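Proteins come first, then strands; the chains are lettered A, B, ... in the order of their sequence lines, and each starts at number 1. Quantities reported herein were computed from a predicted structural model and do not represent experimental measurements.
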Amino acid sequence: MKQFYGKKIFGLIDCNNFYVSCERLFRPDLADRPVVVLSNNDGCIIARSNEAKALGIGMGAPYFRHETLIRRHNIAVFSSNYPLYGDISQRVMDILMRLEPEVEVYSIDEAFIAFPTTKHLAPEKYAAFLRNTVQRNTGIPVSIGFGPTKTLAKIANRFAKKNSDAGSTFVIDDRHCLETLLAGLDVDAVWGMGRRHAGRLKKQGVRTALELSRRPDTWIRKQLTVAGLRTVMELRGIPCIPLEAKTPAKKSVATSRSFGRPVLTLSDLQEAVATYATQAACKLRSNGLKTTAVHVFIRTNSFKNEEAQYCNSRTLTLPAPSSHNATLIKAALASLRAIYRPGYRYQKAGVLLTGLVPENYEQLHIFKAPDKKNILLMKAVDEINQRWGRNTIQPGSAGFNREWHYRQQRKSPAYTTRWSELPIVKASFPETLSVA
DNA sequence: TCTGGGGTCCTAGGACCC
DNA sequence: TCTGGGGTCCTAGGACCC
């Protein structure tokens with residue numbers, strides 16, 4: 001780091017087309033074929049291989065709009081397989097954590113690292129080493145960007161991705177390199193500048209990241225609030241967003257899904273909401289948390305202009321923090337009954353838990369002793385479902401027919417997380433092989 | 001027929017208190 | 001009967017991220 005010497009270097013390691021790369025791990029026959037992965041309910045395309053991108057398939061594009069193109073080009077299509085992606089992600093992160101003391105797991109497919117400039121004398125070489133290690137040990141290709149701030153590491157990473165010939169790594173290491181890069185970068189490609197911000201900036205004549213970085217602070221603050229100002233400082237090479245190596249405690253937990261078909265009746269909605277409350281409660285327990293507020297929402301399909309629209313939500317505060325299925329279901333269903341209106345075609349429902357507290361935090365209810373039996377019961381339920389599959393034991397209110405349940409027609413096996421779905425390898429010896 | 005899900009942070013405005 | 005300013009807390013909505 002020539003001009004940035006003496007400071008910290010931030011690195012962003014980003015798995016290339018992560019979900020697609022995970023699917024390809026166990027399907028080497030797909031190495032050169034275009035591949036896409038779909039969102040829940042097989043609705044949108046949320047990951048594309050480079051070949052699929054080249055065919056013009058955009059991020060988040062509705063699947064049904066591209067069906068013809070997909071057939072014509074023999075594109076492989078997968079429903080999302082989160083247990084698989086989560087497991088592979090963990091393996092990638094484990095490797096990074098073995099090599100670096102400070103790792104921030106930023107998302108399922110990205111991690112930041114930070115180290116003093118003196119630690120690794122040639123960042124270019126170190127980036128190549130990291131990349132090769134992850135590739136060799138997991139089979140997942142990554143791109144790596146280094147820069148003097150997290151925002152600039154993000155930008156370096158973007159150029160690394162485009163630069164697969166140069167080893168999929170890129171280092172921003174002096175003022176000239178930085179300014180050349182920013183001058184060629186659209187504002188909406190800057191981390192933290194979403195569509196709204198970028199639109200407003202462009203109206204005011206700010207088109208590139210370099211132009212943005214040269215605007216006065218007061219102007220930025222007014223247009224984009226303090227978060228925007230932080231981003232601009234980072235573009236100038238001044239670190240404002242620290243590395244967070246310790247995962248902060250969760251503040252909310254949500255479970256929501258679109259339905260596989262429109263839902264009209266209260267009883268179907270009740271099954272769905274009870275199911276989501278159960279899943280959310282399970283997430284709470286696995287994070288060692290309890291909730292104090294249960295929020296429920298329902299909504300019709302806003303893409304259907306010709307249909308009557310309705311959406312509503314309600315929050316219920318619990319008398320004492322809880323993570324017990326029955327308690328959360330009861331609260332969620334009470335809210336649902338209050339907001340349900342007949343005569344609409346509902347498309348989505350969800351349960352959001354907020355006001356989370358650690359499970360050992362005992363805000364005792366005046367009239368009720370803590371229910372030890374329930375705690376043991378939930379523990380047993382979680383262990384059984386963990387071992388035998390998610391719905392082995394479920395509350396009756398979550399329903400058994402589940403006609404509203406979302407579609408997932410093209411899911412790959414849970415190759416690495418279920419014994420029954422492990423890939424099978426068959427080896428055969430060629431006849432000419434002589435055994436000594 | 002068919003358009004995802006799960007998060008965080010910031011701000012403005014209202015309620016409330018002294 | 002009339003009247004002030006400042007502070008805190010909470011919530012809803014908007015913006016962003018992957």
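A:R314 CZ: 12 or fewer foreign heavy atoms inside a 6.0 Å radius. Heavy-atom contacts from other residues, nucleotides or ligands closer than 6.0 Å to CZ of A:R215 number more than 12. Counting non-hydrogen atoms of neighbouring residues, nucleotides and ligands closer than 6.0 angstrom, the CD atom of A:E67 exceeds 12 such neighbours.
Atom-to-atom, CG of A:L38 to P of B:dC2 comes out at 16 Å; the value is rounded to the nearest Å. Across the protein-nucleic acid pair, A:F112 atom CZ and C:dC18 atom C1' stand 11 Å apart, rounded to whole Å. Computed from coordinates, the A:R48 CZ to B:dG4 P distance equals 16 Å when rounded to whole Å. Note: CD (A:E104) to C1' (C:dC17) measures 12 Å, nearest angstrom. Here B:dG5 presents its P atom at 8 Å from OH of A:Y276, a figure rounded to the nearest Å. With rounding to whole Å, A:E234 atom CD is found 15 Å from C:dC16 atom C1'. In this structure, A:D14 atom CG and C:dC17 atom P are separated by 14 Å, rounded to whole Å. Between the P atom of C:dC17 and the CD1 atom of A:I46 lies a distance of 17 Å, rounded to the nearest Å.
In this structure, A:K250 reaches the B:dG7 phosphate: one of its side-chain N or O atoms is under 4.0 Å from OP1 or OP2. Listed pair A:Q347 / B:dC2 fails the phosphate criterion, with no side-chain N or O lying under 4.0 Å from OP1 or OP2. Here A:K150 does not reach the OP1 or OP2 of C:dC17: none of its side-chain N or O atoms lies under 4.0 Å away. Considering only side-chain N and O atoms, A:K304 lies nowhere under 4.0 angstrom from the phosphate OP1 or OP2 of B:dT1. Phosphate contact (OP1/OP2 of B:dT3, side-chain N/O of A:S302, threshold under 4.0 Å): absent. The phosphate of B:dT3 has neither OP1 nor OP2 within less than 4.0 Å of any side-chain N or O from A:S258.
Distance check: A:T265 OG1 to A:E403 CD gives 9.5 Å after rounding to the nearest 0.5 Å. Put simply, OG on A:S256 and CZ on A:R299 are 8.5 Å apart, with the number rounded to the nearest 0.5 Å. Interatomic distance, A:K150 NZ to A:T231 OG1, rounded to the nearest 0.5 Å: 11.0 Å.
Secondary structure note: stems in DNA chain B built from 3 or more consecutive Watson-Crick or G-U wobble pairs under 3.5 Å occupy B:5-18 with C:5-18.
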Subject >> Test log, rule side-chain hydrogen bond (donor to acceptor under 3.5 Å, both in side chains), inputs A:S143 and A:N157 >> reply: CA-CA 6 Å; A:S143 301; A:N157 189 286; 5.0 Å; no
Subject >> Check against side-chain hydrogen bond (donor to acceptor under 3.5 Å, both in side chains), A:Q279 and A:T255 >> reply: CA-CA 7 Å; A:Q279 285 172 16; A:T255 301; 4.6 Å; no
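The two residues A:A277 and A:V351 make their nearest non-hydrogen contact at N-CG2, 3.8 Å.
Near DNA chain C, meaning a heavy atom under 4.0 Å from it, residues 68-92 of chain A has no residue at all. For the segment residues 192-212 of chain A, the set of residues with a heavy atom within less than 4.0 Å of an atom of DNA chain C comprises A:G192, A:M193, A:G194, A:R195, A:R196, A:H197, in numerical order.
As judged by a 4.0 angstrom heavy-atom cut-off over every strand, A:N41 is placed among residues making no nucleic acid contact. Contacts of A:V37 with the nucleic acid, taken as non-hydrogen atoms under 4.0 Å apart, are absent. Counting non-hydrogen atoms under 4.0 angstrom, A:Y106 reaches the backbone sugars and phosphates but no base. A:D109 comes within 4.0 angstrom of the backbone, heavy atoms only, and of no base. Looking at heavy-atom distances under 4.0 Å, A:Q409 makes no contact with the nucleic acid at all. Contact annotation for A:T255: backbone-only contact, meaning every heavy-atom pair under 4.0 Å involves sugar-phosphate atoms and none involves a base.
Looking at heavy atoms from C-beta onward, A:F170 lies in side-chain contact with A:C177 at the 4.5 angstrom threshold.
Picking from B:dT3, C:dC18, B:dG7 the nucleotide with the shortest atom distance to the side chain of A:A254 gives B:dG7. Here the side chain of A:F303 is nearest to one of C:dC18, B:dC2, B:dG4, namely B:dG4. With C:dC18, B:dT8, B:dG5 as the candidates, the nucleotide lying closest to the side chain of A:K251 is B:dT8. Of the candidate nucleotides B:dG5, C:dC18, B:dG7, B:dG5 has the atom nearest to the side chain of A:S256.
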Tabulate atom names and distances for all N/O pairs under 3.5 angstrom spanning the protein and nucleotides 10-15 of chain B.
residue, atom, partner, partner atom, Å
B:dC10, OP1, A:R230, NH2, 2.8

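Residue A:R65 places a side-chain atom within donor-acceptor reach of the base of B:dT3, judged by atom type and a 3.5 Å distance cut-off alone.
Panel note: side chain A:T315, backbone A:H295; no donor-acceptor pair is recorded below 3.5 Å. Using modelled atom types, no side-chain atom of A:E102 and backbone atom of A:A245 make a donor-acceptor pair closer than 3.5 Å.
Scored by the ring-ring contact (aromatic ring centres under 6.0 Å, His included) test, A:Y276 finds no partners at all (sequence neighbours excluded). Checked against salt bridge (Lys or Arg N to Asp or Glu O under 4.0 Å), A:R65 has no partners two or more places apart in sequence or in another chain.
In terms of position on DNA chain B, the residue among A:P262 and A:V253 whose nearest nucleotide sits closer to the 5' end is A:P262. Between A:E67 and A:K283, the residue anchored nearer the 5' end of DNA chain B, judged by the nucleotide with its closest heavy atom, is A:E67.
Ring centers of A:F112 and A:W191: under 6.0 Å apart, within the cut-off. Checked against the 6.0 Å centroid criterion, the rings of A:F78 and A:Y19 do not qualify as a close aromatic pair.
Nucleotides C:dC18 and B:dT3 place their P atoms 25 Å apart, quoted to the nearest Å.
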